[in-house]
Number of protein chains: 2
Amino acid sequence: MAESSLNKIQNLSGSLSQRVYQSLREAILSMQYPPGTVIRKGAICEQLGVSRSPVAEALARLSAEGLVDVIPQSATKVSCFSMDEIREASFLRQALEVAAVEKVTLERSEEQLAALTRNVRMQALLVEDKDFVGFYQADEEFHTLLMNFTGFNGVSQVLDSVSLHLVRARMLILPEEGRPAEAVKEHQAILAAIKEQDVDAAREAMKYHIGQLIPRILPLEESHAEYFKM
Amino acid sequence: MAESSLNKIQNLSGSLSQRVYQSLREAILSMQYPPGTVIRKGAICEQLGVSRSPVAEALARLSAEGLVDVIPQSATKVSCFSMDEIREASFLRQALEVAAVEKVTLERSEEQLAALTRNVRMQALLVEDKDFVGFYQADEEFHTLLMNFTGFNGVSQVLDSVSLHLVRARMLILPEEGRPAEAVKEHQAILAAIKEQDVDAAREAMKYHIGQLIPRILPLEESHAEYFKM
DNA sequence: TCCTTAATACTAACATGTTAGTTGACGATT
DNA sequence: AATCGTCAACTAACATGTTAGTATTAAGGA
């Protein structure tokens with residue numbers, strides 16, 4: 001028995017509901033619970049050693065977020081995604097990241113610029129060393145830094161909540177030769193525009209960078225049709 | 001007894017939890033439950049004639065959305081907002097509406113253009129007739145139309161979920177002489193740019209339009225300090 | 001053999017009982 | 001009089017019992 005691949009809730013903080021929610025969310029986003037997976041409240045209760053109340057609350061929140069589909073009085077499944085939803089998520093992400101990079105370009109401090117520069121240099125080194133998991137983390141940090149440098153604490157979370165389907169689909173993309181190197185170049189272009197305080201260049205560079213994800217996701221609709229709606 | 005100013009859940013559809021959620025959300029967004037209001041589960045149960053389960057689920061969702069603050073084992077209150085949160089909401093709204101208007105400007109059909117034109121003309125007539133509630137509705141419809149014309153069904157809901165604090169603060173703004181007429185002009189500028197397919201003009205016109213809200217909200221921090229955090 | 005139908009088993013949804021943590025008030029102590 | 005500690009009352013959080021709707025399966029008829 002695989003012990004259900006659910007993270008132990010003991011390691012998490014907050015109320016029981018909160019911990020169950022985090023555990024399930026993590027399992028779904030990491031594709032350990034792939035789209036279509038049937039979630040039974042009873043099973044979750046047993047595996048996590050909690051009663052049905054916190055599980056019900058957690059599933060209600062996941063349902064509101066669109067990560068699970070509840071079929072009334074019958075079952076609840078991990079939601080599938082459609083290419084339309086992924087396109088929409090990409091559109092929303094682009095909107096937020098573009099707005100963020102515009103604001104940061106105009107208002108950046110020297111410290112912020114230094115932090116971004118350091119991060120991008122690190123990216124280049126990691127790719128050179130072929131440390132791709134390290135690069136992945138640095139990549140995520142680059143975007144998180146930008147979000148936080150807007151001065152608004154919540155935008156990073158909004159971006160997450162809007163990119164849910166995107167994050168899951170991204171898990172399925174096969175490592176592509178040369179893509180990390182390209183991504184570094186795109187990050188460098190964004191950084192250069194921020195440095196020069198060239199808003200138009202920053203906007204276009206970010207648009208292009210975010211836009212690069214969709215064409216790589218497109219083939220999934222055929223190669224992983226079981227995860228798509230209809 | 002005011003019967004608590006909660007909408008009767010009989011008029012709503014969906015599960016009990018869903019209906020309770022909608023009822024509470026409506027009461028909070030309309031400021032019938034102003035920030036700081038203490039919400040007792042027991043009282044809600046009694047008023048709506050339901051048990052604690054659906055109320056708990058509804059409050060959990062409202063808490064996740066940031067509309068209520070739950071103080072563990074103690075109480076749950078309608079959340080106050082800070083000027084920072086309002087600025088953030090405005091930033092997010094601007095990001096989404098700008099991205100939407102850019103996309104619509106590039107891809108609009110003649111029918112869409114006609115619908116927007118009709119709406120803006122209606123706005124002008126309503127302001128001329130001093131029908132300000134009618135104008136308010138047409139204003140909202142204008143923005144909803146733009147969102148829907150992106151071709152993405154969910155963006156309108158994302159906009160709502162991101163503008164929660166903005167919507168509540170807006171309720172407190174006193175009617176300002178001449179503002180509706182100005183808003184119509186701004187809508188006309190946006191429409192003109194869409195017609196001409198001038199992306200830069202559309203972006204700037206939308207940025208300006210959304211930006212007009214913040215300065216009108218600023219005075220609230222003093223005139224309604226009781227609704228603000230700290 | 002295939003379709004219809006009725007009974008059964010299973011699930012989410014709801015109701016209610018129980019636990020545990022917080023708050024506020026009152027009284028004792030300094 | 002002021003402060004600290006204790007206790008009682010209240011609340012959210014959790015556990016569990018109950019209901020009602022759905023899906024599956026098996027039986028019976030065409």
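Chain identifiers are assigned alphabetically (A, B, ...) following the order of the sequence lines, protein sequences preceding nucleic acid strands; residue numbering begins at 1 within each chain.
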Rounded distance (Å) that lies between atom P of D/dT22 and atom CZ of A/Arg40: 20 Å

Between C/dA15 (P) and B/Glu46 (CD): distance, integer Å: 15 Å

Would you mind checking if B/Glu140 and B/Arg170 are paired as a salt bridge, meaning a charged N to carboxylate O distance below 4.0 Å? yes

A/Ile44 CD1 to D/dA15 C1', straight-line distance once rounded to whole Å: 17 Å

With a 4.0 Å limit, can you tell me whether B/Thr76 has a side-chain N or O closer than that to the phosphate oxygens OP1/OP2 of D/dT11? no

When you check the side-chain N and O atoms of A/Glu65 and A/Tyr21, is any donor under 3.5 Å from an acceptor? yes

Could you check how far CD of A/Glu57 sits from P of D/dA13, rounded to whole Å? 7 Å

Grab the CD1-P distance between A/Ile39 and C/dA12 for me, whole Å please. 10 Å

Name the closest nucleotide to the B/Leu16 side chain, picking from D/dA13, D/dC14, C/dA15. C/dA15

Looking at B/Ser74 and D/dA12, is any side-chain donor or acceptor paired with a base atom of the opposite kind under 3.5 Å? no

Do B/Ser30 and B/Arg25 have a side chain donor and acceptor closer than 3.5 Å? no

Side-chain donor-acceptor pair present, A/Ser63, B/Arg61, cut-off under 3.5 Å: no

Only one of B/Phe228, B/Phe81, B/Tyr227 clears side-chain contact (heavy atoms from CB on, under 4.5 Å) with B/Leu220; which? B/Phe228

Starting from C1' on C/dT22, measure out to CG on B/Asp69 and report it in whole angstrom. 17 Å

D/dC14 C1' sits how many Å from A/Leu48 CG, rounded? 15 Å

Map B/Ser15 and B/Pro72 onto DNA chain C by nearest heavy atom, then report which one ends up closer to the 5' terminus. B/Ser15

Closest of D/dA15, C/dC14, D/dA12 to the A/Pro54 side chain is D/dA15

Distance check: side-chain N/O of B/Ser51 vs OP1/OP2 of C/dA15, anything under 4.0 Å? yes

For the pair made of CD in A/Gln73 and P in D/dT18, what is the distance, rounded to whole Å? 18 Å

Hey, which of these two, A/Gly49 or B/Ile71, hits DNA chain D nearer its 5' end, going by closest nucleotide? B/Ile71

Where the side chain of A/Arg52 is defined as all heavy atoms beyond and including C-beta, which of C/dT23, C/dG17, D/dT16 is the nearest nucleotide? D/dT16

